[in-house]
Amino acid sequence: MKAANFSKLMVSVIALGIASGCVNGRNSTLDEIAGVFGADKAVYTEAFLDYPGPADQWAGPAHFILHVTAKDKVADVQVPAQWHPVASDHRAPASALTGEEARTKLSDLASAMHDDGGDYHGCMYPIRVRLIRADGNVLDKMGCRDQSKWSKTASETVDFFVSHAH
Amino acid sequence: MRRTRDNSWQYILFLVPAIAAGFGIQYLVKKHKGAPVSTTVANSGTTTAYRDLAHEHNGRPDHRDFEGEDRDEDQSGTDQAKANAMTDDQDVPQKDLAKQKKVADNRDPASATTGTTSGATSDGDTCSSFELRGDGMAETHFSNEEWTKVMDVFHESKTDLQGWLVAHKTEFPGGLSNWMSQQIEAAKVQRPPVSDEPDLSWRGIGVLARTGAGTESIPLIRIGGGFVKMVVTQPKRARFELSRLLAQSWNPCDLPTGAMATWEPLLKCMGVKQQDWDTTKSCAAGSESEAGWAVASAVAATASPPGCTLPAFKTVSTFSCVTKTAWLEAPADATIRVPASVSDITATAPAVVTKPVVTTPTVVTPVNTIPMPTKMLAAPTAEGAGNQLKNEMEQKK
């Protein structure tokens with residue numbers, strides 16, 4: 001009888017040891033295992049946020065496109081050359097951006113795009129967002145500033161990534 | 001024969017490999033997922049999808065977000081908004097205007113701007129896209145003096161458009177021209193940074209939005225942080241851009257029902273494709289408005305010349321559409337005529353004032369009472385106007 005109780009106690013200790021030893025930051029190892037072997041395929045790992053300007057003949061706002069890659073370790077943010085830091089900038093260095101943070105932000109944008117069924121017409125400031133999942137599926141949507149509800153989320157997303165690109 | 005259960009200490013033999021397995025799994029997962037790394041910024045390293053997309057189209061603090069304040073003229077702003085304005089202005093670090101201008105001038109044109117450092121390119125006087133980069137939500141600061149300059153240019157743009165409308169008043173039915181006038185009169189500009197569209201804080205452009213519900217909505221211009229720099233360094237171009245933004249409220253798709261076809265003669269003359277001026281198509285669900293850009297650019301180029309020529313107006317025939325016959329340029333000292341009140345929408349003798357009166361409309365024109373245009377814009381055909389202008393040029397020679 002004593003031996004049986006001791007066995008249960010030891011098994012519990014082993015389980016606790018593994019669990020406590022494997023907790024890594026905010027996510028447990030078990031969570032990450034799930035991500036590696038399946039769940040991550042549904043995560044958005046790449047995005048293009050595009051604000052096309054009008055035709056060149058009107059000399060209006062220039063085409064602005066932001067490209068984010070958050071496939072694995074590196075969160076890569078590409079902005080047009082005009083938005084690169086210049087010598088006269090005195091801003092503090094950009095804080096580090098993890099791939100996980102980038103994927104979370106893209107996931108939030110995807111949710112907003114799914115939720116918004118609004119339409120637009122006669123748009124002068126269109127926005128196009130293309131989100132690419134790890135499994136290759138693409139969420140592509142056109143919208144309009146001030147007409148599409150999700151355009152605000154898109155704007156916030158652009159602000160987030162541009163601020164980290166500096 | 002002794003069994004393991006009889007020797008509890010032997011469970012230790014299972015504990016060691018179990019812990020080892022746990023650490024092994026942790027190591028593998030960490031190796032796969034990676035640790036936080038700093039963001040890298042690349043310039044032209046594009047993927048195929050990036051190029052495709054480019055080819056297809058040729059948690060910040062919410063502060064200082066209020067509608068602008070036409071100072072003594074704006075009767076519509078609430079006291080609270082004005083109080084906020086005063087508070088916000090005092091909170092803004094007071095930077096020396098000249099110093100900031102110097103910083104802007106010292107920027108590397110190739111990296112600090114889109115297009116060129118001026119409104120005109122080197123190949124003559126052709127306008128190109130012009131934009132000064134903003135500094136982001138947290139770093140968008142400017143002085144009261146700079147904001148005052150923005151508001152001055154904004155009012156000048158309003159005056160330009162009201163003058164243009166007076167000069168072309170006969171080309172629009174009374175109800176419509178008054179509605180257009182009211183749109184300009186009521187328009188506001190929102191001081192950056194704009195929390196509703198935070199990406200603008202990085203841009204040097206303005207966009208037209210609307211505030212208010214339904215038919216009572218009024219134009220609201222949101223400008224990026226870089227736009228303030230443009231006002232300081234390129235006031236003429238900024239004035240044109242603000243006029244164009246204001247004129248975008250006359251977008252065919254935004255005109256009252258029944259008046260959407262008003263701009264068709266001009267658009268045809270300018271050679272805009274039918275699919276872009278046919279409002280049944282260009283204003284349909286999911287449509288983009290090329291006509292809106294055409295109309296706004298044509299009007300602004302006439303009312304507030306940017307000092308260069310838009311590529312669209314480089315050809316003689318197209319240029320004549322906005323400068324000849326019906327599209328006479330308003331005199332610089334034009335007296336501004338605006339309705340004595342918004343309710344006087346069908347007034348035949350509008351009151352005469354010397355500057356635009358900025359008041360909030362208390363009565364909005366019912367869209368179904370605006371008559372159809374009685375006289376379409378007498379714009380010439382592209383070919384006829386082109387020949388006429390060529391003849392004039394030859395005579396001058």
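Counting heavy-atom pairs under 4.5 Å between each of B:Gly286, B:Gly204, B:Pro252 and chain A puts B:Gly286 at the top. Contact count against chain A (heavy-atom pairs under 4.5 Å) is highest for B:Arg203 among B:Glu241, B:Glu290, B:Gln248, B:Arg203. In terms of non-hydrogen atom pairs under 4.5 Å with chain B, the most contact-rich of A:Glu156, A:His121, A:Met124 is A:Met124.
With a 4.5 Å cut-off on non-hydrogen atoms, B:Leu310 touches chain A through its backbone and its side chain both. For chain A, the nearby parts of B:Ala209 are the backbone and the side chain; heavy atoms of each come within less than 4.5 Å. At a 4.5 Å heavy-atom cutoff, the contact between B:Arg210 and chain A is made by backbone and side-chain atoms alike. Heavy atoms closer than 4.5 Å to chain A are found nowhere in B:Ala298, neither backbone nor side chain.
With a 4.5 Å cut-off on side-chain heavy atoms, B:Asp199 and A:Val162 do not count as touching.
Annotation: side chain to side chain donor-acceptor pair (under 3.5 Å) contacts of A:Asp108 (sequence neighbours excluded): none. For the ring-ring contact (aromatic ring centres under 6.0 Å, His included) test, residues two or more places apart in sequence or in another chain that qualify with A:Tyr125 are B:Trp293.
In the model, B:Trp202 has a side-chain atom that pairs as donor or acceptor with a side-chain atom of A:Asp159 under 3.5 Å.
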message: Show, in sequence, the C-alpha distance, side-chain angles and deciding distance for A:Arg130 and A:Asp50, and conclude whether the side-chain contact (heavy atoms from CB on, under 4.5 Å) test is met.
response: CA-CA 8 Å; A:Arg130 178 180 293 177; A:Asp50 183 22; over 6 Å; no
task: Give the C-alpha distance, both sets of side-chain angles, the deciding distance and a yes or no for side-chain contact (heavy atoms from CB on, under 4.5 Å) between A:Gln57 and B:Val272.
output: CA-CA 11 Å; A:Gln57 63 178 338; B:Val272 176; 5.9 Å; no
